[in-house]
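In listed order, ligands and their atoms are each counted from 1. The structure presented is a predicted model; accordingly, all values stated were derived computationally and were not measured.
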Amino acid sequence: MFKFTKLKYLNNLNKSLGSNNEVLKNISRSLKTTSTKHFTNDEIKTSKYTTFEEMTAIRRIEAQKSLLVQVNSENSHKELCSYCSQFGKLKSSFYYNLSEELNFILLEFDEISGCNEALRSSSFNEDNPAIPVISPFLWFKARDTNKPKSVNQNKEMPHLIHQTIKCLDENKLYDILSSAESIDDQILILHRLTQLNDLGLRIRYLAGHQLEMALNGMFPNIQACLFGSSVNGFGKLGCDLDLILRLNDNYKTISGSRLIYHTKMSRLNGRSQTQRQMEVIGDLMHIFLPAINNVRKILNARVPIIKYNHECLDLDIDFSMSNMTGFYMSELLYLYGEIDERVRPLVFCLRKWASLVGLTNSSTPGRWITNFSLTVMVLFFLQNIKKPILPSMSVLIKSATPNDIRVTEDNINCTFLRDLNKLSFKTENVESLHHLLLQFFEFYSTFNFQQNGISLIEGRPITKPDHSAIWITNPLEPLLNVSKNVSYEELEKLKMETRNAAWILESTIEKNKDPSSWGLMSLFQSKKRIVKPEMFFKSRLVDVTDLFKDDSIKDYDKISYKNTAIKSTVKQIQKTTQREISKFMKNI
Ligand code: GTP
Ligand code: MG
C-alpha cells in the first residue's frame, strides 16, 4: 500500500523558513494541525467515510455558528472572546489579515443559538447613515474606557489559530520545493502548501451563508450550494468560489395543512425567469449587502451567472441559480479524490504544471483546456494505468443504492455510489507519485486524440463521437463534451508540453548538481523546456527547416533514457515532427 513518507520536511519547515516569516510559519503550523481526510483502501473498510453531503452539512452548520469580526489586530482576540462569551460558549477562532489595517477573526460558537444571540445584541454604526442590514460580517468597536472591563475575563477561550487565506509566494514555494529530498516529497509538499485549508473552506461557506441570511425572510428554504474546486478537494488557496443559489430546496407540502400561502405565478419561461430573478438578486446584493463589491451580471451565458468580489474574504465568487449538475459533478470529483491518497497531490502538481507552461489560464475562459477538464484527464489516466488506481464510473453507477438516486430538475441522472465504505474496488497499484507523474506525461503524449475520446464512465478510451480537437465525455451528461472549447492549436500545445515534460522528468538533473532546478522545479521553470510550442505557432514566414537547427533538438540524442517508452516516444517525435509542422503550418 502506498504511504506518504518523509513528511519530516513539513515538520521542519519552521526551522528552515526562518522565525520572522509569519506567513510561512502559519502554513507550516496549519500543516501540522489540519489534515484533509485521506484513506487508504484498507482504511476505507474500517473507518467511517465522510460523504460529500455529510461534509457539506457539517460545513454549513459551522458557518451558521460563525461570525467574521474585523479587529484592530490579533491582540484583540482575548477581549473579543471575553466579550462574545456572554452570548454562548466559543468553540474555535481563526485569525488572518489582508493588510496591516485589515485584520479579521473568525469566531465559531459552540451552538447556533450563541451566534444568533451575538447577532441580536449587535448594533449598527450611529455615525453611518447606511441602511441597516444584518450579516455575519461585523467589526469590534474599541472599549469605552469609562466602562468597567467585561465580567467574562476568566472564561475559557479558544486558542487563536493563524491560517492564511492567500496563495503562498511562488519564490518561497520554490525555495521549499528545492530543499525536498525527492520528487515524491516535492509533489506532496506542493499539495500540502497550496491546498485550500480549513479557514479557506470556512470563509467560503460563510460567503454562502451571507446570501442565505439576506434572503431568508422571503425564501425560508433558500440554500447556497457550494461546488467547484472550493469543495471538490482539488481547490487551492485563493481559488474562486462557485455557488448555486436554490430558492426552493427542501420544499415540502405539509399534509393536512389547510392554510396555504398565496404565491405569485411567473409568466416567464424557465430560463427567462431565472435571468430575471438573478437580475433582481444581483441588484439587491450590489445595493444592500456589506463587503460585496463589483457585481457583474452575465445573464446571457449558457448558464447565467453573477460574479462579485467579497472584500472581507478576499474572494472572487460566481453564482448561478440553475444547473445542479455542477454540484453533483463536484461530488463525483470529491469521491474520486477520496478513493486514493495519491489522486489529489497528482492533480495539484499537474494543475500547477499546466498553468506554468501556459496550457491553462483559469482567470480567462478561452480555447484552452480548463482546470476541470485537466482534472478529468488525470482521473482517466489513473483508470487506465496497468494496475488501475481508480474505478470506472460505471462501477460507481452499478454500486449505487436507492439512497444515491439523484435526478436534477432538468432530468439529468446523477446517480452513483456516494458511500465509499460500500465500494468493492481495490487497487493493487503501489507506484510512487514520481512514477505516476511520468506515466501521465507518457500516456497523453502518445494518446490518440484524433480517434479516441476520454470517458470516465467507461474508464477506457472510446471512439471519438465528433471532430472536436479533444473529446472528454461529460460524466453526468454523456452526450456532451466538456472540452468542446479546446482548439486544435491548443491540443498541439498540450501534446508538445506532455512530451517536453516526459523528457524533462526522465532526464531530470540530480538534486546535488543544481539544487534550485531539479525535479519539479525543472518542470515548472519554462526556460528549461526543450521544445518550445511557440516554435509551432510562428507566422508562415518562418522557414520550417530553421526549427531543426535548434540545439535543444539535437540534444535529444545525448540524453540517456531509463524508460523505453520515452525512448520510443522520442524516436517517434523525431520522425513525425517534420510532418506535423508542415501539416500545421498549412492550417494556420
Ligand atoms: P478552478 O476554479 O479553476 O479552481 O476549478 P473549478 O473546478 O472550480 O472549475 P470552474 O470554476 O471552471 O467550474 C466549477 C465547476 O463547474 C467544476 O468543478 C465542474 O464541477 C463544473 N464544470 C466546469 N466546467 C464544466 C463543463 O464544461 N461542463 C460541466 N457540465 N460542468 C463543468
Ligand atoms: Mg471554480
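- Only protein N, O or S atoms were scored, and 2 of them lie under 2.8 Å from the Mg ion (ligand 2).
- Within the 4.5 Å cutoff, side-chain heavy atoms of Ile165 are placed close to those of Asp314.
- Note on ring orientation: taking the six-membered ring where Trp is involved, the planes of Tyr49 and Tyr334 are tilted (angle from 30° to 60°).
- Taking every heavy atom of both residues into account, Ser522 and Ile504 meet most closely at OG-CG2, 3.6 Å.
- Counting only N and O atoms by type, the side chains of Gln64 and Glu212 include no donor and acceptor under 3.5 Å apart.
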Any protein N/O atoms within less than 3.5 Å of an N/O atom in ligand 1? List the atom names and distances, or say none.
| from | atom 1 | to | atom 2 | distance (Å) |
| --- | --- | --- | --- | --- |
| ligand 1 | 2 (O) | Asp240 | OD1 | 2.9 |
| ligand 1 | 3 (O) | Asn371 | ND2 | 3.0 |
| ligand 1 | 4 (O) | Ser229 | OG | 2.7 |
| ligand 1 | 4 (O) | Arg351 | NH1 | 3.4 |
| ligand 1 | 8 (O) | Ser229 | N | 2.8 |
| ligand 1 | 8 (O) | Ser229 | OG | 3.2 |
| ligand 1 | 8 (O) | Asp242 | OD2 | 3.2 |
| ligand 1 | 11 (O) | Asp242 | OD1 | 3.3 |
| ligand 1 | 11 (O) | Asp242 | OD2 | 3.1 |
| ligand 1 | 20 (O) | Gly326 | O | 3.4 |
| ligand 1 | 30 (N) | Asn474 | ND2 | 2.9 |

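- In summary, of the residues considered (Glu331, Glu54, Glu53), a salt bridge (Lys or Arg N to Asp or Glu O under 4.0 Å) with Arg418 occurs for Glu331 alone.
- Checked against Trp353 for a ring-ring contact (aromatic ring centres under 6.0 Å, His included), the options Phe441, Tyr444, Phe524 give a single hit: Phe441.
- Side-chain N/O atoms of Gln210 and His310 include a donor and acceptor closer than 3.5 Å.
- For the residue pair Thr473 and Trp471, a side-chain donor N or O sits within less than 3.5 Å of a side-chain acceptor on the partner.
- Checked by atom type, the side-chain pair Thr274/Gln277 shows no donor-acceptor distance below 3.5 Å.
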